[in-house]
Amino acid sequence: MNESSNMRRIYVFDTTLRDGEQSPGCTMNLRDKLLVAEHLEALRVDIIEAGFAIASSGDFESVKAIAGVVKEAAVASLCRALPKDIDCAWEAVRGAKHPRIHTFIATSPIHMACKLKMEPDAVYDQAVAMVRHARNLCGDVEFSLEDCSRSERPFIYRVVEGVIAAGAGTVNIPDTVGYAVPEQFGELISDIRRHVPNIDKARIAVHCHNDLGLAVANSLAAVRAGADQVECTINGIGERAGNAALEEIVMALHTRREFFQAETNIDTSKIYATSRCVMTVTGSRVQANKAIVGENAFAHEAGIHQHGVLANPLTYEIMTPESIGLPRNKMVLGKHSGRHAFESRLNELGFHLEEARLNELFGKFKDLADRKKTVSDADIEALAHDVQTMITERVKLDRYNVTASNAITPVSTIRLLRDGKLVEHVAASDGPINASFKAINQLLGLKVTLESFQLNAITGGTDAQCEATVRVRDGERVYHGRGISTDVIEGSILAYLQALNVLLDESTDKRVGA
Ligand code: KIV
Ligand code: ZN
């Protein structure tokens with residue numbers, strides 16, 4: 001039974017690095033973005049939207065860098081339908097093997113009147129002219145009708161027809177504000193297919209936001225109605241309530257293939273590793289009961305369920321953990337585990353490191369295994385992420401000493417190794433971690449703002465490692481750091497230093513380039 005021949009191909013457009021990154025708390029630096037892009041390639045998404053090139057010089061540089069390394073997927077930059085935006089997007093993506101310009105303008109009455117202050121005719125003319133302009137630069141142009149789900153049908157048909165005639169190969173129908181419901185959204189796609197005479201000359205994309213929790217349902221209804229491309233993000237990160245989650249759309253299409261009569265090119269076994277990578281670099285974890293990638297998504301706690309699953313996994317499982325790259329029988333690693341077992345676990349988790357980095361990581365694993373009875377996947381991922389991001393340690397923690405109680409002002413003494421020299425400073429503040437951060441700032445002469453700070457236990461138990469994540473702002477730039485330790489204060493200091501190391505590294509790069 002080979003049903004593949006009748007299957008429609010659905011293109012997966014990932015916008016984790018643009019719409020996802022745009023949401024508060026999910027800002028990524030260039031290293032993080034490159035790492036995510038590497039995972040997205042392994043996942044085999046069709047298009048990677050790498051950023052909004054004109055938004056800032058940092059965005060431009062990261063789109064350009066991603067365009068330079070991605071081999072198979074198309075790389076897109078978003079741009080408003082304005083000549084300078086489009087030219088900038090083109091400069092950023094032109095080095096890609098498959099560049100795409102993604103331009104947009106709003107088409108709903110409220111957006112045209114209140115935001116653009118333009119008449120519909122002027123919006124139409126600008127959309128068509130800008131698609132033409134983009135097509136003169138790039139063979140692959142996508143056009144989005146922002147707030148399309150709240151736009152008027154006749155105007156939608158007119159704009160879609162016009163931009164296709166001007167050369168748009170993909171026309172995107174966004175539910176920008178997450179207002180649509182599945183039946184209605186599916187109908188919109190069918191109506192566009194019926195009323196736009198040249199619709200067969202372009203692919204229809206959909207881009208759904210999750211304000212009513214319906215982003216995935218709306219995307220799937222659109223696929224049923226004939227949409228060819230779905231726009232989504234890993235873990236559903238994105239503006240406000242987020243975007244449609246890639247892993248949910250893909251696994252729904254995969255698991256219910258016969259119903260949808262559609263398939264993607266995604267390697268589903270890379271979903272888990274990609275999801276973990278995005279959680280790690282953004283410091284934004286998904287809830288335990290999140291579909292597909294939540295901690296409990298494949299956990300069967302109830303006795304009756306466990307019994308059924310042991311007898312036959314299909315009793316309670318509609319998809320296997322292996323299908324998303326989550327091994328059913330996790331090997332327990334500890335201090336007696338050899339290099340081979342360690343390396344194969346790392347590969348299963350999506351990390352492929354060259355020899356030197358693997359050796360470094362194996363050393364760190366052994367140190368940790370000496371301190372902990374068993375080393376979990378989360379422990380390994382945390383260690384691997386730090387090694388993989390290759391952060392140059394311009395400053396390193398030599399030691400710290402904290403005096404704290406609820407009766408005195410906490411004091412922290414920090415000793416750092418900086419450019420081969422030990423430097424030390426003491427600071428007092430309202431908490432031991434705050435005092436430590438203050439001492440570090442004063443030692444390094446930095447005036448940065450701590451925007452967010454989180455502590456999580458990576459695994460349960462009293463010997464659990466803690467994972468500290470920080471977000472630090474220096475003017476326009478934002479830096480993330482993670483630190484892991486069985487000691488919460490040490491973990492926090494390591495996270496802070498990691499963020500500052502990226503900052504110091506970048507300022508050195510700028511000086512060298514100046
Ligand atoms: O939500 C939206 O409308 C967008 C477009 C710019 C594609 O992100
Ligand atoms: Zn969006």
Side-chain angles (χ1 to χ4, degrees), residues 11-24 26-27 45-55 59 63 74-82 85-86 88-89 92-93 100-112 114-116 123 126-127 130-131 134 140-151 155-156 159-160 163 168-180 185 188-189 192 202-216 218-219 222 227-246 248-249:
Y11 294 85
V12 177
F13 176 113
D14 180 276
T15 183
T16 305
L17 296 172
R18 199 276 297 170
D19 226 344
E21 204 257 353
Q22 229 166 282
S23 63
C26 290
T27 331
V45 305
D46 298 289
I47 304 107
I48 297 175
E49 184 160 60
F52 196 164
I54 204 160
D59 281 63
V63 176
V75 177
S77 170
L78 184 68
C79 46
R80 289 169 300 183
L82 295 170
D85 279 39
I86 294 172
C88 176
V93 296
R100 173 178 290 196
I101 294 177
H102 177 195
T103 187
F104 72 97
I105 196 163
T107 52
S108 63
I110 185 168
H111 275 232
M112 291 191 288
C114 304
K115 185 180 80 172
L116 299 174
V123 169
Q126 190 164 325
M130 289 305 104
V131 168
D140 184 359
V141 173
E142 172 170 337
F143 179 81
S144 288
L145 293 84
E146 192 189 9
D147 203 18
C148 191
S149 54
R150 294 193 300 167
S151 304
F155 190 55
I156 297 177
V159 173
V160 172
V163 295
T170 305
V171 183
N172 183 27
I173 309 299
D175 179 26
T176 305
V177 291
Y179 177 72
F185 196 60
L188 170 61
I189 303 303
I192 291 173
R203 284 185 193 150
I204 304 181
V206 288
H207 175 113
C208 299
H209 279 268
N210 206 29
D211 300 66
L212 294 173
L214 293 170
V216 171
N218 286 332
S219 307
D228 311 284
Q229 175 178 302
V230 283
E231 305 202 351
C232 41
T233 59
I234 301 294
N235 300 337
I237 64 170
E239 290 273 24
R240 308 180 308 278
N243 286 60
L246 179 147
E248 295 180 24
I249 296 182

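Atoms within a ligand are numbered from 1 in the order they appear, just like the ligands themselves.
If you look at Asp19 and ask which of its N, O or S atoms sits nearest the Zn ion (ligand 2), the answer is OD2.
Considering backbone and side-chain N/O of Asp19, one or more are found under 3.5 Å from N/O of ligand 1. Of the N or O atoms in His207, one or more lie within a sub-3.5 Å distance of an N or O in ligand 1.
Ranking the protein heavy atoms by distance from atom 5 (C) of ligand 1 puts Arg18 NH2, 4.1 Å first. Nearest protein neighbour of atom 3 (O) of ligand 1, counting heavy atoms only, is Thr176 OG1, 2.6 Å.
For ligand 1, the atoms sitting less than 4.0 Å from at least one non-hydrogen atom of His209 are 1 (O), numbered in the order shown with element in parentheses. Every atom of ligand 1 with a heavy atom of Pro174 under 4.0 Å away is listed here by number and element: 3 (O). Of all the atoms in ligand 1, the ones that sit under 4.0 Å from a non-hydrogen atom of Glu146 are 3 (O).
For the side chain to side chain donor-acceptor pair (under 3.5 Å) test with Asn243, the passing option among Asp19, Thr233, Asn210 is Asp19; the others fail. A side chain to side chain donor-acceptor pair (under 3.5 Å) with Glu49 is found for exactly one of Arg18, Arg100, His207, namely Arg18. With Val171 as reference, Val163 is the one residue of Ile192, Ile204, Val163, Val159 to meet the side-chain contact (heavy atoms from CB on, under 4.5 Å) rule.
Taking the side chain as every heavy atom from C-beta outward, Thr27 and Glu21 approach each other to under 4.5 Å.
Checking side-chain atoms of Ser219 against main-chain N and O of Val230 turns up no donor-acceptor pair under 3.5 Å.
Taking all atoms of both residues into account, the shortest heavy-atom contact from Ala81 to Met130 is O-CG, 3.2 Å.
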